[in-house]
Visitor: 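After the structure tokens below, expect a handful of questions from me.
Values below: every heavy atom of this structure, side chains too, minus hydrogens, waters and symmetry copies. Numbers restart at 1 for each chain; the letters A, B, ... are given by sequence-line order, proteins then strands.
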Number of protein chains: 2
Amino acid sequence: MSPKPMTRPGGRSARVQEAVHAAVRELVGEVGRDAVTVPMVAARAGVTPSTIYRRWGDLQELLSDVAVERLRPETDPADLGSLRADLDAWAEQFLDEMASPSGRAYIRDALLGDPDGSNAGRCSAYAAEQIDAVLNRAVGRGEPVPDTERVIDRVVAPIMYRILFRPGGQGADYARELVANALHRS
Amino acid sequence: MSPKPMTRPGGRSARVQEAVHAAVRELVGEVGRDAVTVPMVAARAGVTPSTIYRRWGDLQELLSDVAVERLRPETDPADLGSLRADLDAWAEQFLDEMASPSGRAYIRDALLGDPDGSNAGRCSAYAAEQIDAVLNRAVGRGEPVPDTERVIDRVVAPIMYRILFRPGGQGADYARELVANALHRS
DNA sequence: CAGCTAGAAGCAACGGATTCGCATTAAGGT
DNA sequence: ACCTTAATGCGAATCCGTTGCTTCTAGCTG
């Protein structure tokens, strides 16, 4: 949960971290992402700026940290009765959320302050978990299912690539087409 | 070639732009990307910081600008006699270049300081051009070829996704596997 | 070819972000 | 309950980023 290994997770550190995260969320909503500064966050969180610089090192790393938390899915994928329906629904929702202006901003922030790629790795893990849940349900139904990696390569990767490298949104039909390709002769 | 429309392409502006770009390349190599600052670049380029801020607005946009130029492929894809061989070779080289630490850094920088996504769009266009060249050659040979979009979705997107979101490099065999999937029953 | 115009770069000063050393506090273990 | 040490608070010094104004030069016009 913390960007740098927290050797002492107890009370105060956790409180500070939560206060800072909350302050970032509030301020981004109030003054806009580009206007947020470290001293501003520190004041709102009741903390000194040096604390933030020491723990996160950088405004970008802090924003990256917060962005990853907002990219974490809150609910399990819906169960619509079949693998195809579940994947279609999940891919459409994923595309919608990620392609929205705020979604794009969070993705960019998450990648931005992330020298070692660990935050990006967490985003990828979230998607993999959701897909695993869908696939495991399908296995329980006795349906033939593709590999998780295959779904990531065929559905998640193209969606993210287009969002990042090809401004100009894609529709829900594109998501369904990708799902069809992923399930084809699985 | 310039981030903001250059209404006066003549002598001085062009010289300044080239000097600044060269300074960035040198400094990134010398002190590392994270240690580069605008005043540093300005001093090296023999320019005042305000000039850089006015033309690029931001260190990130400047780095993005330089990164895109370094991501531009210098040579056309090799002609090895068959679509499969050409695509294999291209995908392997692409993966190699992009997955290297400096490649990752350039990709991140290109995406980073890019509010409107135009730099990212250029990167995508570079890859599309290279793929088009390979596919057109194959058409000339009478080979059946997949759609460019299909190759992007099946080969380029997974590679970029893994590089960006899954630290922990992929080998050349992964690139070949993706190409095989893209050509399968094309 | 000379003068005009406007865009681009130089200059300087201000405000704020970032860093650093040192004192203080509070976890976690003994 | 005490001790060790990580983590935070505090304040000063530094450097970056920003802005208004001036100067210069490229490109146009007559």
Visitor: Measure CG/B:Leu59 against P/D:dT18 and give the value in whole Å, please.
Guide: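 Checked: the CG to P distance equals 10 Å.
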
Visitor: Residues from residues 43-53 of chain B sitting under 4.0 Å of DNA chain D, heavy atoms only?
Guide: B:Ser50, B:Tyr53

Visitor: Taking only residues two or more places apart in sequence or in another chain, which ones pass side-chain hydrogen bond (donor to acceptor under 3.5 Å, both in side chains) with B:Asp153?
Guide: A:Arg162, A:Tyr174

Visitor: Kindly state which residues belonging to residues 32-42 of chain A come within less than 4.0 angstrom of DNA chain C, counting heavy atoms of the residue only, listed by number.
Guide: A:Thr37, A:Val38, A:Pro39

Visitor: Please identify which of these residues, B:Arg33, B:Gln60, B:Arg70, meets the side-chain hydrogen bond (donor to acceptor under 3.5 Å, both in side chains) condition with B:Asp109.
Guide: B:Arg33

Visitor: Expressed as a whole number of angstroms, how long is the span from B:Trp56:CH2 to C:dA9:C1'?
Guide: 12 Å

Visitor: Can you find a donor-acceptor pair, distance only, under 3.5 Å between B:Arg54 side chain and C:dG7 base?
Guide: no

Visitor: To the nearest Å, give me how far apart CG (A:Leu62) and P (C:dA17) are.
Guide: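 About 14 Å, once rounded to whole Å.
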
Visitor: In terms of side-chain heavy atoms, does B:Asn119 have a donor or acceptor partner in B:Ser64 at a distance below 3.5 Å?
Guide: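 A donor-acceptor contact under 3.5 Å links the two side chains.
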
Visitor: Please confirm whether the backbone N or O of A:Ile163 pairs with a side-chain atom of A:Arg104, one donor and one acceptor, at under 3.5 Å?
Guide: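 Yes; at least one donor-acceptor contact below 3.5 Å.
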
Visitor: Let me know the distance between CG of A:Leu27 and P of C:dA17, rounded to the nearest Å.
Guide: 12 Å

Visitor: Would the number of heavy atoms belonging to other residues, nucleotides or ligands and lying under 6.0 Å from CZ of B:Arg137 be above 12?
Guide: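 Yes.
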
Visitor: Looking at B:Leu112, is its backbone amide N or carbonyl O close enough to the side chain of A:Arg108 to form a donor-acceptor pair, meaning the two atoms are under 3.5 Å apart?
Guide: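 Yes, the answer is positive, given that a donor and an acceptor are paired below the 3.5 Å cut-off.
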
